[in-house]
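To start, the structure under review is shown below, and the notes come after it.
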Amino acid sequence: MTTVEIPGSKSITARALFLAAAAEGSTVLRRPLLSDDSEGFAEGLATLGYRVDRQPGVWTVEGRPAGPAVAEAEVFCRDGATTARFLPALAAAGHGTFRFDASAQMRRRPLGPLTGALRELGVELTHEQAEGHHPLTVRADGIKGGALTLDAGLSSQFLTALLLVGPLTADGLDITVTDLVSVPYVEMTLAMMRRFGNDARRVGDTFHVPAQPYRAVDYLVEPDASTASYVLAAAALTGRTVTVPGLGKDSLQGDLRFAEVLRRMGADVDLGPDSVTVTGPDRLRGVTVNMRDISDTVPTLAAIAPFADGPVRIEDVYNTRVKECDRLDACEQNLRALGVPVSTGRDWIEIHPAQPRSAEIACHGDHRIAMAFSIAGLRTPGGVVLDDPGCVRKTFPGFHDTLAALRAEWAL
Ligand SMILES: O=C(O)C1=C[C@@H](OP(=O)(O)O)[C@@H](O)[C@H](O)C1
Ligand SMILES: C=C(OP(=O)(O)O)C(=O)O
């Protein structure tokens with residue numbers, strides 16, 4: 001059995017940073033994620049005038065319920081969609097002029113439903129280039145609040161941004177969604193808002209957020225379940241056993257359900273109170289799976305799919321086309337390069353059994369494509385070569401070292 005320590009959850013770190021900044025008092029964050037995304041988020045807050053003290057393993061944030069401490073700022077959000085979508089909402093609740101920009105990759109990703117909703121709430125917001133994309137400027141003078149409708153069918157992060165800022169509005173928010181993907185991320189948002197003292201709740205398609213202040217807490221960040229998918233998949237693929245401590249039954253992260261997908265494919269899965277263990281079978285089984293709720297793990301499954309004994313079909317994942325890259329196209333392209341029969345449609349991908357042959361993987365600057373196809377490389381004679389191995393820095397800078405340690409231990 002191999003125990004693998006996984007770094008902190010990107011999504012929990014981002015939410016905890018937002019909530020800490022918006023709360024009365026000083027929040028202590030334990031085991032935050034150290035990666036490009038979470039450091040970009042923390043630096044974004046610092047640029048907005050929040051005091052964020054980063055010591056190894058412990059970050060402390062001084063909250064400012066009134067909003068940013070500066071009247072003007074330029075925030076660069078790097079590749080992080082949580083930063084690029086959550087921080088403009090936070091800034092909008094303050095007073096001042098705040099410009100946001102992001103990497104070329106992030107500039108391409110959509111923001112329109114969120115910026116539209118902020119405008120509907122009376123926030124003055126202008127785009128410099130395409131509507132609904134970075135760069136943008138928020139001229140903030142507080143948010144009164146009220147009712148609005150939102151299409152969160154491309155990203156749940158539009159809804160999370162509005163939920164998180166809701167308690168900072170004068171009257172609270174009632175948000176009715178017309179469509180919604182990645183529901184477990186919204187449940188995570190609500191659970192964390194409750195932890196910081198706000199009783200936001202969902203009734204049918206409407207989310208009610210009272211104007212009830214956040215209060216500072218001492219917060220321990222879970223390991224990242226999406227990151228864990230790579231080492232759990234490695235176990236499933238090679239017939240080994242991997243345990244990830246710190247991720248158990250009570251996890252806030254929907255992506256832990258990836259272990260259930262591996263179980264359906266024949267792996268033995270033990271989800272305990274504070275850990276998850278996966279043991280791979282002799283041969284994985286084919287499966288059809290709806291991944292609308294857990295779409296960050298689509299590349300992980302697609303990359304190990306050729307080794308199953310029958311087709312693997314992944315459905316209802318249109319929004320993976322607007323992530324760091326078009327992930328359905330990237331998976332198709334790379335599987336073809338490995339010699340694997342594959343087809344895709346608007347919101348699905350189907351992969352057929354084949355023994356992959358060595359190839360160069362086009363990462364498209366996407367950490368998940370890089371990590372997922374590295375796992376396929378464990379059972380590809382000659383391995384795979386990544387055209388951009390450094391892109392894993394977005395969420396898991398230590399990925400290549402972790403994989404090398406597994407290879408050494410398993411003599412692969
Ligand atoms: O809210 C979050 O922290 C996230 C929500 C999901 O995005 P979508 O809602 O855009 O699917 C997920 O893919 C992303 O990695 C993190
Ligand atoms: C889609 C992802 O990130 P984000 O949307 O937060 O940039 C991801 O981490 O797979």
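Atoms within each ligand, like the ligands themselves, are counted from 1 in listed order.
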Distance alone, cut at 3.5 Å: any donor-acceptor contact between the side chains of Ser295 and Thr320? no

I'd like to know if Arg51 and Asp53 make a salt bridge, using a cut-off of under 4.0 Å between side-chain N and carboxylate O. no

Would you call the rings of His134 and Phe100 parallel, tilted or perpendicular if under 30° counts as parallel and over 60° as perpendicular? perpendicular

Looking at CG of Leu111 and NE2 of His127, how far apart are the two atoms once the value is rounded to the nearest 0.5 Å? 5.5 Å

Distance check, rounded to the nearest 0.5 Å: Thr47 atom OG1 versus Glu43 atom CD? 7.0 Å

Could you tell me whether Asp79 and Lys394 make a salt bridge, using a distance below 4.0 angstrom between a side-chain N and a carboxylate O? no

Distance under 4.0 Å, heavy atoms only, partner ligand 2: which residues pass? Lys10, Asp79, Ala81, Thr82, Arg109, Gln157, Asp296, Lys323, Glu324, Arg327, His367, Arg368, Lys394

Would Asp401 and Arg407 pass as an ion pair if we require N to O under 4.0 Å? no

Ligand-protein N/O pairs under 3.5 Å (ligand 1):
unit_1: ligand 1; atom_1: 1 (O); unit_2: Arg15; atom_2: NH1; d: 3.4
unit_1: ligand 1; atom_1: 1 (O); unit_2: Arg15; atom_2: NH2; d: 2.6
unit_1: ligand 1; atom_1: 3 (O); unit_2: Ser11; atom_2: OG; d: 2.6
unit_1: ligand 1; atom_1: 3 (O); unit_2: Arg15; atom_2: NH1; d: 2.8
unit_1: ligand 1; atom_1: 7 (O); unit_2: Lys323; atom_2: NZ; d: 3.3
unit_1: ligand 1; atom_1: 9 (O); unit_2: Ser156; atom_2: N; d: 2.7
unit_1: ligand 1; atom_1: 9 (O); unit_2: Ser156; atom_2: OG; d: 2.5
unit_1: ligand 1; atom_1: 9 (O); unit_2: Ser182; atom_2: OG; d: 3.4
unit_1: ligand 1; atom_1: 10 (O); unit_2: Ser155; atom_2: OG; d: 2.7
unit_1: ligand 1; atom_1: 10 (O); unit_2: Lys323; atom_2: NZ; d: 3.3
unit_1: ligand 1; atom_1: 11 (O); unit_2: Ser182; atom_2: OG; d: 2.6
unit_1: ligand 1; atom_1: 11 (O); unit_2: Asn319; atom_2: ND2; d: 2.9
unit_1: ligand 1; atom_1: 11 (O); unit_2: Lys323; atom_2: NZ; d: 2.6
unit_1: ligand 1; atom_1: 13 (O); unit_2: Asp296; atom_2: OD1; d: 2.6
unit_1: ligand 1; atom_1: 13 (O); unit_2: Asp296; atom_2: OD2; d: 3.1
unit_1: ligand 1; atom_1: 13 (O); unit_2: Lys323; atom_2: NZ; d: 2.7
unit_1: ligand 1; atom_1: 15 (O); unit_2: Lys10; atom_2: NZ; d: 2.7
unit_1: ligand 1; atom_1: 15 (O); unit_2: Asp296; atom_2: OD2; d: 2.5

Carboxylate-amine/guanidinium proximity below 4.0 Å for Arg78 and Asp37: no

N-O pairing of Arg215 and Glu24 below 4.0 Å: no

